[in-house]
*Asks:* 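Take this structure first; my questions come after.
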2 protein chains.
Amino acid sequence: MDIRRLRYFVAVAEEGHITRAAERLGIQQPPLSQQIRALETELDVQLFRRKPRGVEMTDAGRTLLADARRILSDVDGALARARRTARGEQGRIVVGFTSSAPFHPFVPRVIRRFRELYPRVSLVLEEGGTGDLVAALGAERLDAAFIRSPAPASEGIAVHPLLEEPMVAALPSGHPLAPKSRKKPLPLADLATEPFVFYRRASGPGLHDAIVGACHAAGFTPRTEQEAPRIVSTLNLVAAGLGVTLVPESLSDMRLAGVVYRPLAVKPRLTAPIRIACRAVDHSAAARHFVALARREGPSVTP
Amino acid sequence: MDIRRLRYFVAVAEEGHITRAAERLGIQQPPLSQQIRALETELDVQLFRRKPRGVEMTDAGRTLLADARRILSDVDGALARARRTARGEQGRIVVGFTSSAPFHPFVPRVIRRFRELYPRVSLVLEEGGTGDLVAALGAERLDAAFIRSPAPASEGIAVHPLLEEPMVAALPSGHPLAPKSRKKPLPLADLATEPFVFYRRASGPGLHDAIVGACHAAGFTPRTEQEAPRIVSTLNLVAAGLGVTLVPESLSDMRLAGVVYRPLAVKPRLTAPIRIACRAVDHSAAARHFVALARREGPSVTP
DNA sequence: AAAATTCATATGGAACAGATATGGATATAA
DNA sequence: TTATATCCATATCTGTTCCATATGAATTTT
């Protein structure tokens, strides 16, 4: 059974003439007669009754015609779908992100833009710690991930910087340093004696190390009072008055009751990056599109 | 695009090896490699990544695999359906009948039996006058019809006798001839002076002519008092006391209030036939099966 | 009765599928 | 590390299939 024969059959069925169908198909009449006969022999079914003025479909022919039309359009659809998938215009990608990433407006913007550009690609989002995300990338359970940590030395994983945002201090609202002209940058050294609330290093080593490093540069080692599994949880602990912490500026969009944010005065400027991680040789065209889009949109939002 | 290539593709996708798939398909490895490559070239899509230990599907390949499986099973189904239709095991036939036919248990029995034997053939029933039925047969709107009239001289229509049943007299229950030992045959001449209710000749000339002929043989011409469009309606008129009539015995199964049936004493025996009409050269295998079944079952019910 | 239309058959050439032989790359084993 | 095995790709050849041209047969139309 050959798709070509089905197309020939449909043409003959629709024209009611072998000769006319041959014209439409761009071939001569004798080979078309042969093909129809071959199809009938293959099925052991008479599809047409030969008449002096053309051919007439049998019941079996009518049955096959309906099926053949459906099959042909299904084949065309399948080819189109395969091509679209290869071009990355169709399919499914899974994108991971660390808990703090979606607070920066850049991340939801990229996602929204991708959905507009590639409406046939279903985009699944998944939250996780940096380590989990990178592992999932390697295991092909994820196609890309927004992370804040620096490149984890994982084989075959590429990490591209997207943007940097300043860190700010998060203080309990009753804290002595809180009300003092909030706009004025707070010297990091002022927090030397404060208890710190940390995001668990295992979940996001990059942010953690950056904070500790900055404190060392300012001349002190931060005293860890509490650890929280998610960056949002650290803010809840700050709100409860258990300590202070430093968070990426975009987190301050979350106006949590009991938390006050202040910009930092620290040299060199303390920033938190947003990066995108993906497999170095990525096979999913849709995933490549996603990463490319993020890298293209990245610079335009750097403050 | 060739169905064979799709089958090859599915085999390779399922095995994950070109060599193993070639074994399964009963061909050698090189031509299979060529076919897969040809398919990729045709689609302009990479379907597999060649690895030293086999091949690995791409996203596009996975997309195509799902489609290909569906298409292949659809093709198989289409072939099976075409073959079944050719064998008359699938399809649709329309069977007509005159209003009086279904009263004889033979007709519903044939229909029931056909439905059992050919469950995939949908059987549509249509009632009509003999003339309409024969015309519909010629116009291919009908595939067979149960009629009572003799062969209408219509070109290309074959009529086969199925069975004969005796005629009985239908009298109003208050009629003087009604109560007289109902089992005893009634001489037709006794009805010579009675007003007759007739089934319209145009709708069923066979029955009409048979009755009038029998009356003539008995020495009188029946006086037509009323005509009714359907044979059942004549019985309603008899019940209303407007006259008497003769009906096929099977009609007496309908125990209509106000109507009494009596067997007839008449030489030669007055009978009503049931026949089946169909196209002489019928192209529908299912229709041929139906007619053959009716003719086969017919003799077994002749009383 | 002749012409026209349409499908079937015959024959030759081009394209294609499949077989065998062989090469190249990578993983596995010694 | 070297050797072997595995697996896919390439090259060449053969048989089949598909299509074109030429022609025949049957039926309808002029």
*Asks:* Starting at atom CD1 of B:I18, determine the distance to atom C1' of D:dT10, rounded to an integer number of angstrom.
*Replies:*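 For the pair B:I18 CD1 and D:dT10 C1', the rounded distance is 13 Å.
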*Asks:* Are there more than 12 heavy atoms of other residues, nucleotides or ligands under 6.0 Å from atom CZ of B:R83?
*Replies:* yes
*Asks:* Can you check the B:R49 CZ to D:dA9 P distance for me, whole Å?
*Replies:*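 Result: 14 Å.
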*Asks:* Name the one of A:R24, A:R20, A:R62 that satisfies salt bridge (charged side-chain N to carboxylate O under 4.0 Å, His left out) with A:E14?
*Replies:* A:R24
*Asks:* Identify which one of B:R70, B:R69, B:R7, B:R81 satisfies the salt bridge (charged side-chain N to carboxylate O under 4.0 Å, His left out) criterion when paired with B:D76.
*Replies:*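 The residue from B:R70, B:R69, B:R7, B:R81 that satisfies salt bridge (charged side-chain N to carboxylate O under 4.0 Å, His left out) with B:D76 turns out to be B:R7.
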*Asks:* Return the value, rounded to whole Å, for the distance between atom NZ of B:K51 and atom P of D:dA9.
*Replies:*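 These atoms are roughly 14 Å apart.
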*Asks:* When the distance from CG of B:L32 to C1' of D:dT10 is rounded to whole Å, what number comes out?
*Replies:*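 Taking atom C1' of D:dT10 as the reference, CG of B:L32 is at 15 Å.
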*Asks:* Should A:R37 be listed as having a side-chain N or O under 4.0 Å from OP1 or OP2 of C:dA8?
*Replies:* yes
*Asks:* What integer distance in Å separates B:H17:NE2 from D:dA9:P?
*Replies:* 13 Å
*Asks:* With a 6.0 Å cut-off (strictly less than), is the heavy-atom count around CG of A:D44, excluding the residue itself, greater than 12?
*Replies:*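 Check fails, neighbour count at 12 or below.
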*Asks:* Can you check the B:Q46 CD to D:dC8 C1' distance for me, whole Å?
*Replies:*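 Nearest whole value for this atom pair: 14 Å.
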*Asks:* Does A:R120 CZ have over 12 foreign heavy atoms under 6.0 Å away?
*Replies:*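 12 or below, so no.
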*Asks:* Taking atom C1' of C:dT6 as reference, at what distance in whole Å does atom CD of A:E15 sit?
*Replies:*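 Atom-to-atom, A:E15 to C:dT6, this comes out as 14 Å.
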*Asks:* Please list residues of residues 2-11 of chain B whose heavy atoms come under 4.0 Å from any atom in DNA chain C, ordered by number; otherwise none.
*Replies:* B:R4, B:R5, B:Y8
*Asks:* Can you tabulate the close N/O pairs, meaning under 3.5 Å, that link protein atoms to atoms of nucleotides 19-27 of chain C?
*Replies:*
from	atom 1	to	atom 2	distance (Å)
C:dA19	OP2	B:Q28	N	2.8

*Asks:* Aromatic ring centroids of A:F114 and A:H289 under 6.0 Å?
*Replies:*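 No, the ring of A:F114 stays outside the 6.0 Å limit from the ring of A:H289, centre to centre.
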*Asks:* Show which side-chain atoms of residues 133-143 of chain A pair as donor or acceptor with protein atoms under 3.5 Å away, not counting sequence neighbours.
*Replies:*
from	atom 1	to	atom 2	distance (Å)
A:D143	OD1	A:R279	NH2	3.1
A:D143	OD2	A:V94	N	2.9

*Asks:* In whole angstrom, what separates A:E23's CD from C:dC7's P?
*Replies:*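 Atom CD in A:E23 sits about 11 Å away from atom P in C:dC7.
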